[in-house]
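Here the structure is laid out as structure tokens; the discussion comes afterwards.
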Amino acid sequence: MTAGRRELDAAGITGAALRTSYARCRRLNAEHGKTFFLATLLLPAAKRPYVHALYGFARYVDDLVDDMSSTLGNWPRAERLQEWGTDFLADLEWGATSDPVSRAVIDTVQRWDIPTPYFADFLDAMRMDLTVSSYTTYADLERYMWGSAAVIGLELLPILGRRDPDVRWDVLESHAIDLGIAFQLTNFIRDVGEDLRRGRVYLPEESLHRFGIDRDRLARGRVDEPIRNLLAWEIERARGLYAKAAAGIELVHRTSQDCLRTAHTLYSGILDEIERTDYDVFSRRVQVPLARRASVGLTGLRGALTARRGGPARPTG
């Protein structure tokens with residue numbers, strides 16, 4: 001029996017079509033979200049399919065936005081995304097669908113009672129990727145990151161669970177928002193060159209202007225002192241968010257803590273690697289070395305196995 005099937009069995013997911021949908025979401029997570037997929041493996045098997053479903057949904061929509069093989073311009077792609085999103089939200093309201101990815105997502109929403117407006121906000125943010133190419137201020141970028149990142153953390157919270165009933169959900173939500181935005185900002189810093197090739201600059205214009213940088217200078221793809229200073233500035237902003245989010249790790253259910261701790265360590269480690277490469281975010285995608293990922297993952301696995309002995313992690317209703 002494969003690991004994916006064991007996870008589906010542990011989660012009590014039945015029905016061929018539904019299991020196929022969850023399996024597809026798992027493949028999307030494994031292929032595109034390597035760090036996130038590693039962290040997800042530290043969750044109890046009964047929780048993993050639901051996290052795969054949420055990631056699979058986000059990745060599927062992201063692929064609709066960034067389909068490099070498409071001959072369509074941004075506005076036609078935005079219209080296509082609008083149509084797909086309208087159908088998805090209608091299916092979500094109805095509670096059923098024939099879409100091979102959405103089926104698992106809708107099942108996850110129903111099992112864990114995840115607020116549906118989060119998905120509308122995410123789709124709105126993804127449409128912005130096709131209609132907005134830059135952000136004047138960090139506050140403008142924050143509004144985008146609410147939909148692109150913060151809501152994903154909020155969607156995951158019911159699955160991750162609370163350490164105990166005394167932990168307030170609103171406190172957990174604040175930490176989840178900080179962590180989601182920290183992850184997103186890390187991606188923006190790492191992917192400056194890649195995003196430029198897609199016609200986008202996510203780092204706020206006010207940050208660029210602070211260091212005397214314009215879009216053309218970024219597009220030259222040469223690391224100089226102003227660009228180092230810009231990236232160092234945004235790295236410190238991201239680290240501040242990671243520091244705020246860290247306090248929330250101990251507040252989720254004990255069987256979810258090592259998953260979050262591992263993701264926190266590995267994603268924040270990308271910032272360290274950017275510094276080690278002298279801020280070269282243009283010539284290649286900066287990654288945490290494999291040996292470091294393996295070491296952090298092994299530490300997380302030891303902790304997860306210890307925590308997992310404490311009781312079931314399946315939803316009760």
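Along the sequence shown, residues carry numbers from 1. No hydrogens, no waters, no symmetry mates; every other heavy atom, side chains included, goes into these values.
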message: Run Phe88 and Asp99 through side chain to side chain contact (heavy atoms under 4.5 Å, CB included) and show every step you take.
response: CA-CA 8 Å; Phe88 169 78; Asp99 186 273; over 6 Å; no
Quick one: does [X]'s side chain have a donor or acceptor within less than 3.5 Å of a partner on [Y]'s backbone?
X: Thr299; Y: Ser295; answer: yes
X: Ser102; Y: Ser98; answer: no
X: His264; Y: Tyr242; answer: yes
X: Gln257; Y: Val252; answer: yes
X: Arg80; Y: Leu64; answer: yes

What are the two closest non-hydrogen atoms of [X] and [Y], and how far apart are they?
X: Ala10; Y: Ala46; answer: O-CB, 3.5 Å
X: Ser268; Y: Thr265; answer: OG-O, 3.1 Å
X: Lys244; Y: Asp178; answer: CE-OD2, 3.4 Å
X: Tyr279; Y: Ala232; answer: OH-CB, 3.7 Å
X: Gly269; Y: Val288; answer: C-CG2, 3.7 Å
X: Arg215; Y: Ser133; answer: NH1-O, 3.5 Å

Do [X] and [Y] come within less than 4.5 Å of each other through their side chains, counting heavy atoms only?
X: Phe282; Y: Arg222; result: no
X: Cys25; Y: Val101; result: yes
X: Thr108; Y: Arg111; result: no
X: Phe183; Y: Leu241; result: no
X: Arg59; Y: Asp63; result: yes
X: Tyr138; Y: Met145; result: yes
X: Arg19; Y: Arg103; result: no
X: Val51; Y: Arg48; result: no

query: In the hydrophobic cluster built from side-chain contacts under 4.5 Å, what are the other members alongside Leu41?
result: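 Phe37, which link up through side-chain heavy atoms under 4.5 Å apart, make up the rest of the cluster.
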[X] [atom1] to [Y] [atom2] distance, which is reported to the nearest 0.5 Å:
X: Ile227; Y: Leu218; atom1: CD1; atom2: CG; answer: 5.0 Å
X: Tyr267; Y: Thr35; atom1: OH; atom2: OG1; answer: 5.5 Å
X: Leu8; Y: Thr2; atom1: CG; atom2: OG1; answer: 8.0 Å
X: Thr255; Y: Leu42; atom1: OG1; atom2: CG; answer: 11.0 Å
X: Glu142; Y: Thr137; atom1: CD; atom2: OG1; answer: 8.5 Å
X: Thr40; Y: Lys47; atom1: OG1; atom2: NZ; answer: 12.0 Å

- prompt: For Arg284 and Thr277, what are the C-alpha separation, side-chain angles and deciding distance, and is it a side chain to side chain contact (heavy atoms under 4.5 Å, CB included)?
  reply: CA-CA 10 Å; Arg284 66 182 180 89; Thr277 60; 3.2 Å; yes
task: Would you sort out whether Ile152 and Leu54 count as a side chain to side chain contact (heavy atoms under 4.5 Å, CB included), showing the intermediate values?
output: CA-CA 8 Å; Ile152 295 176; Leu54 294 176; 5.8 Å; no
message: Testing Tyr22, Tyr50, Trp112 one by one against Asp107 for a side chain to side chain donor-acceptor pair (under 3.5 Å), which residue passes?
response: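 Output: one option passes, namely Tyr22.
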Is any NZ, NE, NH1 or NH2 atom of the basic residue among [X] and [Y] found under 4.0 Å from an Asp or Glu carboxylate oxygen of the other?
X: Arg217; Y: Asp214; answer: no
X: Arg6; Y: Asp9; answer: no
X: Arg228; Y: Glu225; answer: yes
X: Glu250; Y: Arg261; answer: yes
X: Glu194; Y: Arg197; answer: no

- prompt: Do Ser134 and Glu205 have side-chain atoms, one donor and one acceptor, less than 3.5 Å apart?
  reply: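 Yes.
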Does one hydrophobic cluster hold both [X] and [Y], with members joined at side-chain heavy-atom distances below 4.5 Å?
X: Leu298; Y: Leu266; value: no
X: Leu305; Y: Ile249; value: no
X: Leu260; Y: Trp169; value: yes
X: Leu301; Y: Leu43; value: no

query: Is there a salt bridge (Lys or Arg N to Asp or Glu O under 4.0 Å) between Glu7 and Arg26 once you walk through the steps?
result: CA-CA 10 Å; Glu7 291 170 1; Arg26 188 183 195 276; 3.0 Å; yes
Counterpart residues, side chain to side chain contact (heavy atoms under 4.5 Å, CB included), relative to Ser207 (two or more places apart):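 Residues passing side chain to side chain contact (heavy atoms under 4.5 Å, CB included) with Ser207: Pro204, Leu230, Trp233, Glu234, Arg237.
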- request: Test side chain to side chain contact (heavy atoms under 4.5 Å, CB included) on Leu231 and Leu203 and set out the steps.
  value: CA-CA 9 Å; Leu231 296 177; Leu203 301 185; 4.0 Å; yes
Derivation of the salt bridge (Lys or Arg N to Asp or Glu O under 4.0 Å) call for Glu236 and Arg239: CA-CA 5 Å; Glu236 287 309 302; Arg239 283 182 173 145; 3.1 Å; yes
Set of residues satisfying side chain to side chain donor-acceptor pair (under 3.5 Å) with respect to Arg190, sequence neighbours excluded: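 Applying side chain to side chain donor-acceptor pair (under 3.5 Å) to Arg190 gives Asn187.
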message: Looking only at the aromatic ring of each residue, does the gap between the centers of Tyr202 and Tyr144 stay below 6.0 angstrom?
response: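 Aromatic pair counts; centres sit under 6.0 Å.
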